[in-house]
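The structure appears below as structure tokens.
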Amino acid sequence: MPLTPEERQSFLAEPHIGALSVSAGLDRGPLTVPIWYQYTPGGELWVLTGPESEKMRRIRSAGRFSLMVERVQPSVRYVSVEGPVTGIGPVSDARHREMVARYLPAEQIEGYLAYAAAELGEHVMVSMRPQRWLSADLG
């Protein structure tokens, strides 16, 4: 059964691991990778990635991407959104901290941010306006 618009936005706002998909060209299937994301109901969805990563090159080329999130317990529920890229730019320390705090316990945030700065290199923030939604609760 499809979720209502309010249910799907609320579900997407929960801290699930997303599966980002973006076109990899006419002769290939889409590039699909796991990713952390941020979303506030009614707003834009955003992700962080390296400015020269494969997914960033594909996102720039396609101008849009999809993200699917799911929960398997207590019942299978998923939301998938697709839409145009609305912005690509530097990620502020505050936004990076916001993303990390969404997924990690408070005591691990500083350690992860230090690791990311030392080992993961520069990141950019990619924003997307959800345009097409697909959702279901199979419970």
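This is a predicted model, so every value here is computed, not measured.
Rounding to the nearest 0.5 angstrom, the gap separating the CG atom in Leu67 from the OG atom in Ser80 is 7.5 Å. Separating the OG atom in Ser135 from the CE atom in Met1 is a distance of 11.0 Å, to the nearest 0.5 Å. Considering OH of Tyr39 and CD of Glu14, their distance stands at 12.5 Å, rounded to 0.5 Å. Residue Ile59 holds its CD1 atom at 11.5 Å from OG of Ser23, rounded to the nearest 0.5 Å. Going from atom CD of Gln108 over to atom OH of Tyr103 covers 15.0 Å, rounded to the nearest 0.5 Å. Remark: Arg77 CZ to Asp137 CG distance equals 4.0 Å, nearest 0.5 Å.
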The test is salt bridge (Lys or Arg N to Asp or Glu O under 4.0 Å); show your working for Glu82 and Arg129 and say whether it passes. CA-CA 8 Å; Glu82 185 268 336; Arg129 184 180 68 253; over 6 Å; no
Quick one: do His16 and Phe11 satisfy ring pair (Phe, Tyr, Trp, His ring centres under 6.0 Å)? Show the steps, please. CA-CA 9 Å; His16 305 283; Phe11 184 76; 4.3 Å; yes
Residues Trp133, Tyr78; criterion ring pair (Phe, Tyr, Trp, His ring centres under 6.0 Å); working and verdict: CA-CA 10 Å; Trp133 294 76; Tyr78 71 88; over 10 Å; no
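No single ILVMFWY cluster, assembled from side-chain heavy atoms under 4.5 Å apart, contains both Leu12 and Val76. Taking hydrophobic clusters as Ile, Leu, Val, Met, Phe, Trp and Tyr residues chained together by side-chain heavy-atom distances below 4.5 Å, Val33 shares a cluster with Val22. Criterion: ILVMFWY side-chain heavy atoms under 4.5 Å apart, direct or through other members. Under it, Met125 and Ile109 are part of a common hydrophobic cluster. Neither Met68 nor Ile17 shares a network with the other; the hydrophobic side chains, linked directly or stepwise wherever heavy atoms of I, L, V, M, F, W or Y lie under 4.5 Å apart, form separate groups for each.
Two residues are said to be in side-chain contact when any heavy atoms from C-beta on lie closer than 4.5 Å; Met128 and Val81 meet this criterion. When side chains are defined from C-beta on, Val79 does not count as touching Leu134, because their heavy atoms never get closer than 4.5 Å. Within the 4.5 Å cutoff, the side chain of Glu98 has heavy atoms near those of the Trp46 side chain. Side-chain contact between Val124 and Thr49: present, with at least one pair of heavy atoms (C-beta onward) separated by less than 4.5 Å. Contact annotation: the side chain of Leu45 approaches that of Phe65 to within less than 4.5 Å [non-hydrogen atoms, C-beta and beyond].
Judged purely by atom type and a 3.5 angstrom limit, Ser53 uses its side chain to pair as donor or acceptor with the backbone of Gly50. Using a distance-only test at 3.5 Å, with no hydrogens or angles considered, no donor-acceptor pair links the side chain of Gln38 to the main chain of Met99. Here the side chain of Glu7 pairs a donor or acceptor atom with the backbone of Thr4 at under 3.5 angstrom. Using a distance-only test at 3.5 Å, with no hydrogens or angles considered, a donor-acceptor pair links the side chain of Arg102 to the main chain of Tyr37. Between the side chain of Arg57 and the backbone N or O of Glu52 there is at least one donor-acceptor pair closer than 3.5 Å. Between the side chain of Thr40 and the main chain of Gly43, no donor-acceptor pair closer than 3.5 Å is present. A donor-acceptor pair under 3.5 Å is formed between the side chain of Arg58 and the backbone N or O of Ala24.
Between Gly139 and Ser75, the closest heavy-atom pair is CA-CB, 3.3 Å. The two atoms that bring Lys55 and Leu31 nearest to each other are CA-CD2, 3.7 Å, heavy atoms only. In terms of heavy-atom proximity, Ile35 sits nearest to Leu48 at CD1-O, 3.8 Å. Contact detail for Glu44 and Thr86: the closest heavy-atom pair is OE1-OG1, 2.8 Å.
Around CD of Glu107, the count of heavy atoms belonging to other residues, nucleotides or ligands within 6.0 Å exceeds 12.
Using the six-membered ring where Trp is involved, His96 and His123 have ring planes that are tilted, between 30° and 60° apart.
With hydrogens and angles left out, the side-chain atoms of Gln131 and Arg64 include a donor and acceptor closer than 3.5 Å.
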